[in-house]
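The block underneath contains the structure these notes are about, expressed in structure tokens.
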There are 2 protein chains.
Amino acid sequence: MYMPDIYRALGDPTRRKILLMLKSGDKTQKEIVAAFNISQPAVKKHLKVLLDEQIIKEQIHGKYRIYHLDLHMLQTAYQEMLHDIGDLLDHKLHSLKDYMEKGED
Amino acid sequence: MYMPDIYRALGDPTRRKILLMLKSGDKTQKEIVAAFNISQPAVKKHLKVLLDEQIIKEQIHGKYRIYHLDLHMLQTAYQEMLHDIGDLLDHKLHSLKDYMEKGED
DNA sequence: ACTTTACATAACCAAAAGGTTATACATGGG
DNA sequence: CCCATGTATAACCTTTTGGTTATGTAAAGT
């Protein structure tokens, strides 16, 4: 059984850029491919990793594949990583909530 | 010029365990090697990655190499990751904050 | 019906990652 | 000086990763 590995998902800069792209709105695979200068199958592999880790979701719309962030999972993922670093720094998870509260406008 | 990649540094479970070890105090390479059942050169490679990413520092003490956490860099890494998650989630902060508050126990 | 268009899939490749064993080097103790 | 200990380095191996090209398939436009 597959153990989701958030470090794997976020460990690649292309994948992080894809996530940033999706922040500004849902995107088709075509649009994502156009934003990088790697091939369509290469992009698709990155999307598969993000799908496997459940960081993004896919919707089929005719011949299009529309991708969008799974904000819940993404937040959980970062929470996990921050928790690991937080453990090392002796200041824990609540600082994320603090950050989010201060960051609101 | 080399851009430190915190995601790479934390991407391996052995390295995360090494960091956890170092949290409880500085360690010689010998002690770190003893804590895993992989070879000394394998451990050394992990240490090199952590050194490259400047997450840990090395001190030469006679024939010993003493490793310790670079808390400042960890702090920076933490901030970097907070920034990343902020970038991704900022316009959804409200619902996430609600989620986190409900999710706390 | 035919042809684009968007995506899927297969086969392949080079380089990186994570490990090994064997061996060299340097320091400290007897 | 000699030997044990701690670390460094070299050579090698396997698997994974991130990419490629080529080709197949399904939906949409004309």
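Values below: all heavy atoms of this structure, side chains included; hydrogens, waters and symmetry mates excluded. Letters A, B, ... are given to chains in the order of the sequence lines, protein chains preceding strands, and every chain is numbered from 1.
- Both L71(B) and L51(B) belong to a single network of hydrophobic side chains, linked directly or stepwise wherever heavy atoms of I, L, V, M, F, W or Y lie under 4.5 Å apart.
- To the nearest angstrom, P of dG18(D) lies 16 Å from CG of N37(A).
- For K45(A) and R65(A), each mapped to the nucleotide of DNA chain C holding its nearest heavy atom, the one lying further toward the 5' end belongs to R65(A).
- In this structure, the side chains of I18(A) and F36(A) come closer than 4.5 Å at one or more pairs of heavy atoms.
- Between the CG atom of L10(B) and the C1' atom of dA17(C) there is a distance of 16 Å, rounded to whole Å.
- The side chain of K44(A) contributes an N or O atom lying less than 4.0 Å from OP1 or OP2 of dA8(C).
- Rounded to a whole Å, the CG atom of L50(B) is 14 Å from the C1' atom of dG18(C).
- The pair R16(B)-D12(B) fails the salt-bridge criterion, with no side-chain N (NZ, NE, NH1 or NH2) lying under 4.0 Å from an Asp/Glu carboxylate O.
- In this model, the phosphate group of dT16(D) is not approached by any side-chain N or O of R8(A) to a distance below 4.0 Å at OP1 or OP2.
- The distance from atom NZ of K30(A) to atom C1' of dA26(D) is 17 Å, rounded to the nearest whole Å.
- Here the side chain of R15(B) is nearest to one of dG18(C), dA6(C), dA8(D), namely dG18(C).
- No single ILVMFWY cluster, assembled from side-chain heavy atoms under 4.5 Å apart, contains both Y64(B) and L50(B).
- Atom P of nucleotide dA10(D) and atom NZ of K48(B) are separated by 12 Å, given to the nearest angstrom.
- A distance of 10.5 Å separates CZ of R15(B) from CD1 of I55(B), quoted to the nearest 0.5 Å.
- Checking the phosphate oxygens (OP1, OP2) of dA28(D), no side-chain nitrogen or oxygen of K63(A) falls inside 4.0 Å.
- The separation between D52(A) atom CG and dT16(D) atom P is 15 Å, rounded to whole Å.
- With dG18(C), dT20(C), dG19(D) as the candidates, the nucleotide lying closest to the side chain of D12(B) is dG18(C).
- When distances are taken from the side chain of I38(A) to each of dC7(C), dG19(C), dG19(D), the shortest belongs to dG19(D).
- The phosphate of dG19(C) (OP1 or OP2) has no side-chain N or O of S39(B) nearer than 4.0 angstrom.
- For the pair I60(A) CD1 and dT25(D) P, the interatomic distance rounds to 17 Å; values are reported in whole Å.
- One donor-acceptor pair, N or O on each side, does fall under 3.5 Å between the base of dA8(C) and the side chain of Q40(A).
- Two residues, G62(A) and H46(A), neighbour DNA chain D, and the one matched to the more 5' nucleotide by heavy-atom proximity is H46(A).
- Atom CD1 in I32(A) sits roughly 11 Å away from atom P in dA8(C) (whole-Å rounding).
- H61(B) has no side-chain polar atom (N or O) that falls below the 4.0 Å cut-off from OP1 or OP2 of dG6(D).
- Between G11(A) and Y64(A), the residue anchored nearer the 5' end of DNA chain D, judged by the nucleotide with its closest heavy atom, is G11(A).
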